[in-house]
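Naming convention: chains lettered A, B, ... in sequence-line order (proteins, then strands); numbering from 1 in each chain.
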Amino acid sequence: MLRVKLESGFSYVAEPVAPYSFGLTVRKPAGWALFTPFEEFGGETVWTALHVADVLAGVRLRSLGSIEHPKIEVGIFTRRPLVGARRQRVVDTLHNRLGFGSDLKPFYDFARKDAILKHTVDDLYGMRDTSPASIFPDATLAILLQMTTLKRSNQMMDSVIRRYGRVAEFNGWRVRVWPTPERIAKLTQSQLARECNLGYRARSLVGLARKLVEDGGPTMEELDAAGPEEAKRRLMELPGLGDYSSDIVSPHGGFPIDVWSAQVFGKLFYGRDYACGRETVESVKREGLRRWGRWSWLSFFYVVQDLESLARKMGMQLRLE
DNA sequence: GCGTCCAGGTCTACC
DNA sequence: GGTAGACCTGGACGC
């Protein structure tokens, strides 16, 4: 375990575009982490940490406003003082990944006319999609979700972060951070497989890390600029990332249907008695893309965060553990 | 206890 | 271009 003391810090108050639900965004109902599964919460404050390019940043976020008048105090902690362009890059990246500048209203206008989505946007009003500053954390997550149970996926993720991620110490807290591709690229497949019980996924993970280090990308900024189709094409060129994983990683979002989510969305689209297996994943995905088009990712995101309430309102069982 | 099956995909060889 | 089969591991299940 490598601890890094982040003793240089600054803070300011940001005003995201409303509506912005701080609580639903930093602690999502389905348990999805903001930047790392090891972040800490206390009242209206979260302590988290992430890598922004070569900077390890500890981040404290504190809500000072409301959903309609959001104000968030942002504290950023680093090992050395951040100045000039480096400081601006960290701030801009953080704001971008927290969705401070995005406007939910066009999606809400669309969703309120949809028989399924109208419930979710009422339940989760102001919740933002968030993403890491680089593709490696989500790509690792996607690879570790492949062909196993959720329980084992979580065990593998926990093991990889504990063994190879650094610990950011700042503001009185310790937060474990996702490992960098540089760290994983130095390992052998057999070493990673043995130490973290990854099985065949170790090959994908080491291959991905080495490719990202050798090529220096693609970065989130490059994929943002590339557009949805080009971003997905570039992601699918990377080891271990296929159609499903690329939809998870892309900053444009996709409609990442796997066997589990095909059961959920199949019931929502076709009725409570819909039964599906691996062979129906493609047809459920096509139907979702047909219904929701450019809003497919946000639709997917809102539905999976709202399963309990949605199941009640739609009169069906949606939690399929 | 022990053997078998299969799970929140991807890749490759083969046709 | 499409498709069957292999792939780590561990928990569930039947016997």
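Atom CD1 of Ile143(A) and atom C1' of dG8(B) are 15 Å apart (whole Å). Look at CG on Leu235(A): it is 15 Å from C1' on dT10(B), rounded to the nearest Å.
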Set out, line by line, the N/O atom pairs under 3.5 Å between protein and nucleotides 11-15 of chain B.
unit_1, atom_1, unit_2, atom_2, d
dC11(B), OP1, Gly240(A), N, 2.8

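Aromatic rings of Trp292(A) and Phe301(A) (six-membered ring for Trp) have centroids beyond the 6.0 Å cut-off, not under it. A centroid separation of less than 6.0 Å is found between the aromatic rings of Phe107(A) and Tyr302(A). Close placement of the His95(A) and Tyr12(A) rings is indicated, their centers lying within 6.0 Å of each other.
Pairs passing the salt bridge (Lys or Arg N to Asp or Glu O under 4.0 Å) check and including a residue from residues 41-61 of chain A, sequence neighbours excluded, read Asp54(A)-Arg86(A), Arg60(A)-Glu73(A). Residue pairs that meet the salt bridge (Lys or Arg N to Asp or Glu O under 4.0 Å) test with at least one member in residues 17-35 of chain A, sequence neighbours left out, do not exist here.
Note: Tyr270(A) and Tyr274(A) have tilted aromatic rings, judged against thresholds of 30 and 60 degrees for the angle between ring planes. Between Tyr108(A) and Tyr125(A), the angle of the ring planes lies from 30° to 60°, which puts this pair in the tilted group.
Residues Arg128(A) and Ser102(A) bring a donor and an acceptor atom of their side chains to less than 3.5 Å of each other.
A salt bridge links Asp247(A) with Lys285(A): at least one charged nitrogen is closer than 4.0 Å to a carboxylate oxygen. A salt bridge links Arg162(A) with Asp158(A): at least one charged nitrogen is closer than 4.0 Å to a carboxylate oxygen. Using a 4.0 Å cut-off between charged side-chain N and carboxylate O, Glu182(A) and Lys186(A) make no salt bridge. Here Glu230(A) pairs with Arg233(A) in a salt bridge; the nearest charged N to carboxylate O distance falls below 4.0 Å. A salt bridge is defined here as a Lys NZ or Arg NE, NH1 or NH2 lying under 4.0 Å from an Asp or Glu carboxylate O, and Arg97(A) with Asp224(A) meets this definition.
Only the C1' atoms considered, dG5(C) is 15 Å distant from dC6(B), to the nearest whole Å. Distance noted for atom P between dG10(C) and dT10(B): 22 Å (whole Å). Taking atom P on both nucleotides, dG2(C) is separated from dG8(B) by 27 Å, rounded to a whole Å. When the P atom is compared between dC2(B) and dC8(C), the two are found 25 Å apart, to the nearest whole Å.
In secondary-structure terms, DNA chain C builds stems of at least 3 consecutive Watson-Crick or G-U pairs, each pair having both distances under 3.5 Å, at B:1-7 with C:9-15, B:9-15 with C:1-7.
The stretch residues 244-259 of chain A touches DNA chain B through Tyr244(A), Ser245(A), Asp258(A), Val259(A), each having a heavy atom under 4.0 angstrom from the strand.
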Legend entry - Contact pattern, 5' to 3', of nucleotides 5-12 of chain C - B, S or - by protein heavy atom under 4.0 Å: --BBBS--

